Structures are given as structure tokens and as C-alpha cells.
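Report on one structure; see the data block that follows.
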Amino acid sequence: MNYRGRFAPSPTGHLHFGSLVAAVGSWLCARHAGGEWLLRVEDIDPPREMPGSAESILAALPAFGLVVDAPPLFQSRRIAAYDVAFEQLKAADLVFPCWCSRNDLAGGLHLDGQCLAPPAEGRAPAWRLRVPDIELTFDDVLQGPQTQNLRLAAGDFVIRRVEGYYAYQLACVVDDAFQGITQVVRGNDLLDSTARQIFLQRCLGLPTPGYLHLPLALDGEGRKLSKSERAHPVDPTDPLPSLRRALEFLDLPASPLARDPANLLAHALSYFRPERLPHCSERAAA
Ligand code: GLU
């Protein structure tokens with residue numbers, strides 16, 4: 001099968017250093033494999049989105065030399081596909097409606113495939129997946145063998161929210177399959193979601209791609225960078241400094257001689273081997 005990778009930003013702000021690292025890492029893996037690199041805009045959570053963010057990210061990528069092989073897929077236009085997946089789970093009795101409030105669950109209440117609150121008249125439920133007591137294992141190319149007890153780690157997780165929005169986990173697996181993604185390369189903050197996604201793929205009869213989780217970029221105080229993105233902006237009008245920092249973060253050469261981003265990326269690609277990427281789970285951004 002031909003390699004197909006993707007970058008899947010949520011339009012919650014401008015491209016920042018952490019997302020540039022994910023974009024560069026997934027682009028390098030795809031190009032190294034002679035494969036395709038696709039883009040997906042994960043715009044299915046309107047309350048978290050920032051107006052203009054998707055356009056800003058889409059315009060920034062080519063400025064960093066990151067050119068995609070197909071028009072971007074917008075998740076906001078894929079609701080019908082998520083409806084189909086949801087109906088499939090419903091028909092197989094793998095989901096249940098739940099009226100439990102955050103407060104109910106904060107007290108450590110354990111759902112066991114059913115809602116513990118009485119159905120509320122006129123109030124829409126969230127829909128949760130029935131999660132069995134299983135240990136799910138997978139191999140991450142960089143982070144190594146992973147095991148997660150799904151019930152302990154995630155419980156009966158929400159796949160459709162009270163407001164009617166589909167959860168990231170569901171939309172992500174439906175679209176990774178739809179786009180024919182063979183390897184997911186992304187930041188290590190999503191390592192924890194992977195077992196849930198593999199479980200959902202099994203429930204829906206979808207293929208499981210390979211996974212490679214890049215070290216998470218942290219700020220000087222050890223926080224995930226996106227939380228303090230103003231401290232580490234990337235400037236598409238002056239792309240070389242941030243692109244050099246992103247390559248160095250991935251232990252790749254950042255040629256001082258390169259005059260443009262395409263040149264800099266081509267030079268790094270010639271040295272690139274996925275297995276030589278840093279194997280740590282997180283590291284400070286320079
Ligand atoms: N949209 C997610 C984010 O921006 C990434 C999802 C993924 O790569 O699976 O954090």
C-alpha cells in the first residue's frame with residue numbers, strides 16, 4: 001500500500017511551534033516514504049474555534065515549504081459521514097444515551113455501559129461508547145509498545161456531545177479511513193487517544209493505520225506549547241528561523257546555507273530516517 005500521511009490541525013489559533021513540528025514531522029515521514037501528504041481541518045468544535053484560524057493555517061503551510069497533495073478536507077463538511085458511523089454503532093448496540101452531568105461523574109461514578117441518571121425530559125443526551133474491560137496494545141514507531149486498559153483510562157467515552165457535536169475521536173477515525181491514511185504522525189499529547197481510536201476502528205470495521213508520536217514541545221515552564229503559543233509564535237512572513245528550530249527540535253540538520261524553506265526541508269529530508277527521530281515523549285522547545 002502506498003504511504004499516506006496527514007496533518008490535522010484544529011483551527012483554534014494560528015500555527016504555533018508545536019503544530020509546526022507536527023506538520024514538519026508528518027511531511028518528512030510522507031516524503032521519505034515517497035508517499036502523499038494530506039491536510040484535514042478539524043473544525044467540528046465551534047466553541048473552541050477562532051475565526052480566521054483555518055485560513056491562517058492553510059496560508060502558512062506553503063510559506064514553510066509544506067505543500068499538500070490534495071485539497072484540504074474540512075470536517076465541518078463531513079457530518080453526514082459521522083452520522084452514518086454513529087448509526088452503525090447504534091444499530092450494533094455499542095452506544096448508549098447518557099444524561100449524567102459532569103458533577104455526577106466527577107465524584108468517581110463508574111458507568112458500566114449504561115447511564116446512571118434518569119433520562120431528562122426534553123434535554124438531549126450525550127452518547128457514549130460501551131467500553132469493555134480490555135487491555136489494548138499497539139506499537140508506536142517512536143514511543144515503542146503501548147498498553148492501555150481502556151476502561152480504566154477512558155471509560156465509556158463520549159462520541160457525540162450533548163450539543164450534538166461529534167467528538168474528535170469519532171471524526172478522527174472516520175476521516176483517517178476516508179482519506180486512506182496509512183500512518184498517523186502527530187504530537188505525543190495524542191498518544192493517550194490512540195487506544196480509543198483503535199478500539200473505535202474495530203467497532204466500525206475500519207483499518208488501523210500505523211502511529212508515530214513525536215515528542216511534545218514544552219515551554220520553559222514545562223507546559224504544552226499551545227497553551228502559551230504567544231511565547232513561541234511562528235511567522236510565515238519570515239519562515240526560516242522557526243523552520244530551523246522545528247528541524248533542530250526533531251534532531252535534524254538545519255542548514256545555515258539554505259535560502260528558502262523548500263531548500264531547507266530538502267536538505268533535512270536527505271538525512272531523515274523516521275527511526276532516528278527523538279524517542280523521548282517531550283522536550284523543551286529552544
Ligand atoms: N486536531 C488535533 C490537534 O490539533 C490533532 C488530531 C490528530 O492529529 O489526530 O491537536
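As the structure lists them, so they are numbered: ligands from 1, and atoms in each ligand from 1. Since this is a predicted model, take the numbers as computed values, not measurements. Just the heavy atoms: all of them, side chains too, but no hydrogens, waters or symmetry mates, feed the values below.
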(message) Do R160 and Y165 form a cation-pi contact, if we require the NZ or CZ to be under 6.0 Å from the six-membered ring centre and within 45 degrees of the ring's axis?
(response) no
(message) I'd like to know whether ligand 1 has R6 as a neighbour, heavy-atom separation below 4.0 Å.
(response) yes
(message) When you measure from the heavy atoms of F7 to every atom of ligand 1, does any distance fall below 4.0 Å?
(response) no
(request) Kindly confirm or rule out an N or O of E42 lying under 3.5 angstrom from an N or O of ligand 1. (result) yes
(request) Starting from atom 4 (O) of ligand 1, find the nearest protein heavy-atom neighbour and note its residue, name and distance. (result) S10 N, 3.1 Å
(request) Determine yes or no for a side-chain-to-main-chain donor-acceptor pair under 3.5 angstrom, with D43 supplying the side chain and Q75 the backbone. (result) yes
(request) Would you check if the distance from the ring center of F86 to the ring center of W127 is below 6.0 Å? (result) yes
(request) Answer yes when R130 and D93 have at least one side-chain N-carboxylate O distance shorter than 4.0 Å, and no when they do not. (result) yes
(message) Within the 4.0 Å heavy-atom shell around R186, which atoms of ligand 1 are there?
(response) 7 (C), 8 (O), 9 (O)
(request) Check each heavy atom of P9 against ligand 1 and say whether those closer than 4.0 Å belong to the side chain, the backbone, both or neither. (result) backbone
(message) Could you identify the single nearest non-hydrogen protein atom to atom 10 (O) of ligand 1 and state the distance to 0.1 Å?
(response) L190 CD1, 4.1 Å
(message) Checking contacts here: is it the side chain or the backbone of C172 that comes within 4.0 Å of ligand 1, counting heavy atoms only? Could be both or neither.
(response) side chain
(message) Against the six-membered ring of F199, is R196 placed for a cation-pi contact (under 6.0 Å from the centre, within 45° of the normal)?
(response) no
(request) Identify whether NZ of Lys or CZ of Arg in R128 sits under 6.0 Å from the centre of the six-membered ring of F96 and within 45° of that ring's axis. (result) no
(request) Output yes when D69 and R31 qualify as a salt bridge under the 4.0 Å nitrogen-oxygen rule, no when they do not. (result) yes
(request) Have a look at A8, S19, A22, S193 and point out the one with the heavy atom closest to atom 5 (C) of ligand 1. (result) A8
(message) Please check whether V184 reaches ligand 1 - meaning an N/O of the residue sits under 3.5 Å from an N/O of the ligand, judged on distance alone.
(response) no
